[in-house]
Amino acid sequence: MITTSPIVRTALETDIEQITTLFLHSVDTSVPGITFSTDPDYTLDKIVPSLQKRLFPPRSYKTYVLELHTGELVGYGNVKPKGGPNHDEDELDMFFVKAGLGGRGYGSQLMKAIQADWGERGLCVHVFQKNARAIGFYERWGFQTVEGAEVELELYMANGPKEETACLMRWSRTS
C-alpha cells in the first residue's frame, strides 16, 4: 500500500465549496457547548458567500489548504497581513482541520507551512477560551497567551447573536 503525504498549497477560489464543507463539518469543535451545524444559518448556500469574502478578499490575505493525494481538502488556514489588534503583526484568522482527523499531523503540517511563510512581524490568533484543545495545539507551536487581552467575539446564530470570550495568543520566531 502506497501512501502519499498531503500537500500544503495556496487555496484557489475554486476550492471554496470544499473549504465551506470542511468548515461546516468542523465548526462545531471551535466552541465547545455550541452546535452550529443545527443552526439554519449554517448551510452551504449561506456560508459560501461569507467565506468567499473572508478567505479571498481583494487584499493580500493568503489562504492555505492541506490536500490529500485524492484531491480532498482536509484543512485550511488563512493569514491577514497586519491584521492583529495593533496592526503590527500578521493574524492567523481561521485555522481548521476536518473534524475526526485530529492526531494525524495534519494541523502540524499546515501550521509548519504557515509559520515558514509568515511571522516576520509575528503571528497572532484569537482562540475561544473554551477550546482547550486548540489552545494546547497553538501552545505546542510556540504561541503564548497574552494576559489581559481577552475579547468578546460575536457569533451569529439564527436565534440571535451570542458572545463568547476569546484569548489572544502570539507567536514570534524568537519566542
Side-chain angles (χ1 to χ4, degrees), residues 1-81 83 90-118 123 125-128 130-138 140-141 153-164 166:
M1 179 176 172
I2 298 172
T3 57
T4 306
S5 295
I7 61 162
V8 177
R9 64 171 174 81
T10 301
L12 306 171
E13 288 195 47
T14 54
D15 294 324
I16 192 63
E17 194 164 314
Q18 265 201 85
I19 291 171
T20 304
T21 300
L22 189 158
F23 170 81
L24 289 170
H25 288 147
S26 305
V27 71
D28 285 346
T29 65
S30 64
V31 187
I34 296 182
T35 305
F36 295 90
S37 58
T38 58
D39 189 299
D41 286 339
Y42 282 81
T43 60
L44 192 64
D45 63 319
K46 291 183 179 180
I47 296 297
V48 164
S50 174
L51 282 180
Q52 181 84 34
K53 287 179 194 170
R54 191 164 175 178
L55 300 177
F56 302 103
R59 297 182 287 276
S60 58
Y61 291 25
K62 185 166 182 182
T63 300
Y64 298 79
V65 293
L66 185 64
E67 181 178 27
L68 298 179
H69 72 282
T70 60
E72 178 186 5
L73 302 183
V74 294
Y76 74 94
N78 78 312
V79 178
K80 295 190 311 191
D90 302 320
E91 180 182 14
L92 182 59
D93 181 44
M94 297 185 89
F95 190 92
F96 281 94
V97 172
K98 188 174 182 180
L101 297 181
R104 299 180 189 198
Y106 293 159
S108 292
Q109 187 175 349
L110 191 56
M111 181 60 75
K112 183 177 182 180
I114 290 171
Q115 285 184 336
D117 284 356
W118 295 85
L123 277 172
V125 62
H126 283 97
V127 185
F128 291 109
K130 290 181 179 179
N131 195 339
R133 184 175 177 179
I135 290 170
F137 172 82
Y138 290 119
R140 286 189 300 279
W141 279 92
L153 297 179
E154 200 165 63
L155 306 174
Y156 297 96
M157 311 292 287
N159 60 355
K162 179 174 177 34
E163 287 192 349
E164 284 293 329

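Along the sequence shown, residues are numbered consecutively beginning with 1.
By the 4.5 Å heavy-atom criterion applied to side chains, Phe128 and Pro32 are not counted as neighbours. Residues Leu55 and Tyr61 form no side-chain contact, since every pair of their non-hydrogen atoms from C-beta on lies 4.5 Å or further apart. Side-chain contact between Phe137 and Val127 is absent, with no heavy atoms from C-beta onward closer than 4.5 Å. Annotation: side chain of Leu123 is in contact with side chain of Ile114 (closest heavy-atom distance under 4.5 Å). The shortest side-chain heavy-atom distance between Leu51 and Met94 falls under the 4.5 Å cut-off.
Between the side chain of Gln18 and the main chain of Gly71, a donor-acceptor pair closer than 3.5 Å is present. Distance alone, capped at 3.5 Å, places no donor-acceptor pair between the Glu164 side chain and the Val31 backbone. At least one donor-acceptor pair closer than 3.5 Å links the side chain of Asn131 to the backbone N or O of Ser30.
The aromatic rings of Phe23 and Phe96 sit perpendicular, their planes meeting at an angle over 60°, well past the 30° parallel limit.
Considering OG1 of Thr10 and CG of Asn78, their distance stands at 12.0 Å, rounded to 0.5 Å. To the nearest 0.5 Å, atom CG of residue Asp93 and atom NE2 of residue His126 are 10.5 Å apart. In this structure, CD on Gln115 lies 9.0 Å from CG on Leu92, to the nearest 0.5 angstrom. In this structure, Phe56 CZ and Ile19 CD1 are separated by 4.5 Å, a value rounded to the nearest 0.5 Å. Annotation: the span from Tyr64 atom OH to Trp118 atom CH2 amounts to 6.0 Å, rounded to 0.5 Å. The distance from the CG atom of Leu101 to the CG atom of Leu68 is 8.0 Å, given to the nearest 0.5 Å.
Smallest separation of non-hydrogen atoms from His25 and Ala99: O-CB, 3.2 Å. Listed here is the closest heavy atom pair of Leu110 and Gly75: CD2-C, 4.0 Å. Pro6 and Gln109 make their closest contact through O-NE2, 2.6 Å (heavy atoms, listed as atom of the first residue, atom of the second, distance). Across all their heavy atoms, Val97 and Leu22 have their closest contact at C-CD2, 4.3 Å. Taking both residues in full, the closest heavy atoms of Leu44 and Leu24 are given as N-CD1, 3.5 Å, listed atom of the first, atom of the second, then distance.
Every residue was checked against the side-chain hydrogen bond (donor to acceptor under 3.5 Å, both in side chains) condition with Lys112, not counting sequence neighbours, and none meets it.
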#### Entry: Test side-chain contact (heavy atoms from CB on, under 4.5 Å) applied to Tyr138 and Met111, step by step
CA-CA 9 Å; Tyr138 290 119; Met111 181 60 75; 3.5 Å; yes
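A salt bridge (Lys or Arg N to Asp or Glu O under 4.0 Å) check over residues 98-108, counting only residues at least two apart or in different chains, returns the pairs Glu72-Lys98. A salt bridge (Lys or Arg N to Asp or Glu O under 4.0 Å) check over residues 11-33, counting only residues at least two apart or in different chains, returns the pairs Arg9-Asp15.
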